[in-house]
Amino acid sequence: NPLIALNSAYLQARTALVLGILNSLPAIVFVAYAITRDHERQTAEAFYTAPISSSAFLLGRFAGGFLCVVLIGAVAMIGMIAGASVPWVAPDTVLPFAWTPVLATFALIVVPNLLVYSALSFAVAAFSRSLTAAFIVAPAITVLALVINNLAVNSAPGTTPAWHAL
């Protein structure tokens, strides 16, 4: 739509939702691999003999992996900012830069999406001790979201669910 600016809050939110699906792969790689590599390399026993509780160990593994994933999400947001300021973009299609929509999109869309993908893949990897099982989580969540959206749209014809307003 030519009436919507390229760096509008609307397009930032839509782009963040699409990037959220793509960011599910780094979420699985960093978070799930953090918990499965000890069992694959048979070094988990050494960690469990240290004077640290298993919950602190698991929380530390999750927090470290999740921090890496959030940094990747932040780089994606920086890419959106840079994409709107490249010289070949027509100046009349870009709004003046504002931090508020960028930070709101990051805090309300990017981080929660990454948290869900990371937590579910971490839980599956921790219980199954299999990286393959954790990689099944991302497409399963995506398919489940598409099915729920399709059911919601088809259950009440002519109405649009509230989350489609973005």
Query raised in the report: Taking a hydrophobic cluster as the set of Ile, Leu, Val, Met, Phe, Trp and Tyr residues connected by side-chain heavy atoms closer than 4.5 Å, whether directly or through intermediates, do Y33 and V31 fall within one such cluster?
Result: no
Requested in this report: Answer yes if I81 and M77 sit in the same cluster of Ile, Leu, Val, Met, Phe, Trp and Tyr residues linked by side chain heavy atoms under 4.5 Å apart, and no otherwise.
Outcome: yes
Query raised in the report: Out of curiosity, does M80 fall in the hydrophobic cluster containing I72 (side-chain heavy atoms, cut-off under 4.5 Å, transitive links)?
Result: yes
Query raised in the report: So, does S85 use its side chain to make a donor-acceptor pair with the main chain of A82 at under 3.5 Å?
Result: yes
Query raised in the report: When you look at L67 and F30, which way does the side-chain contact (heavy atoms from CB on, under 4.5 Å) test go after all the steps?
Result: CA-CA 9 Å; L67 179 64; F30 283 109; over 6 Å; no
**Report entry** Pairwise side-chain contact, I141 with L120, heavy-atom cut-off 4.5 Å (strictly under)
**Finding:** yes
**Report entry** ring pair (Phe, Tyr, Trp, His ring centres under 6.0 Å) partners of F97, counting only residues at least two apart
**Finding:** W99
Query - Hydrophobic cluster membership, I136 vs F127, 4.5 Å side-chain cutoff - result: no
Report task. Would you name the heavy atoms of S118 and A27 that are closest together and state the gap between them? Result -> OG-CB, 3.6 Å
Query raised in the report: Step by step, would you call T132 with F135 a side-chain contact (heavy atoms from CB on, under 4.5 Å)?
Result: CA-CA 5 Å; T132 306; F135 270 104; 5.8 Å; no
Requested in this report: Evaluate side-chain contact (heavy atoms from CB on, under 4.5 Å) for L11 paired with S8, printing each intermediate quantity in order.
Outcome: CA-CA 5 Å; L11 284 182; S8 66; 3.8 Å; yes
Query raised in the report: How many angstroms lie between CZ in R37 and CZ in R61, if you round to the nearest 0.5 Å?
Result: 4.5 Å
Query raised in the report: Would I28 end up clustered with I35 when hydrophobic side chains under 4.5 Å apart are linked, directly or stepwise?
Result: no
**Report entry** Which residues share a ring pair (Phe, Tyr, Trp, His ring centres under 6.0 Å) with F66, sequence neighbours left out
**Finding:** F62
Report summary line: Between A125 and T36, the two heavy atoms sitting closest are CB-CG2, 3.7 Å
Under 3.5 Å, side-chain donor or acceptor atoms of residues 100-117 against the rest of the protein: list the pairs with distances, not counting sequence neighbours.
from : atom 1 : to   : atom 2 : distance (Å)
T105 : OG1    : P101 : O      : 2.7
N113 : ND2    : I109 : O      : 3.3
Y117 : OH     : T142 : OG1    : 3.3

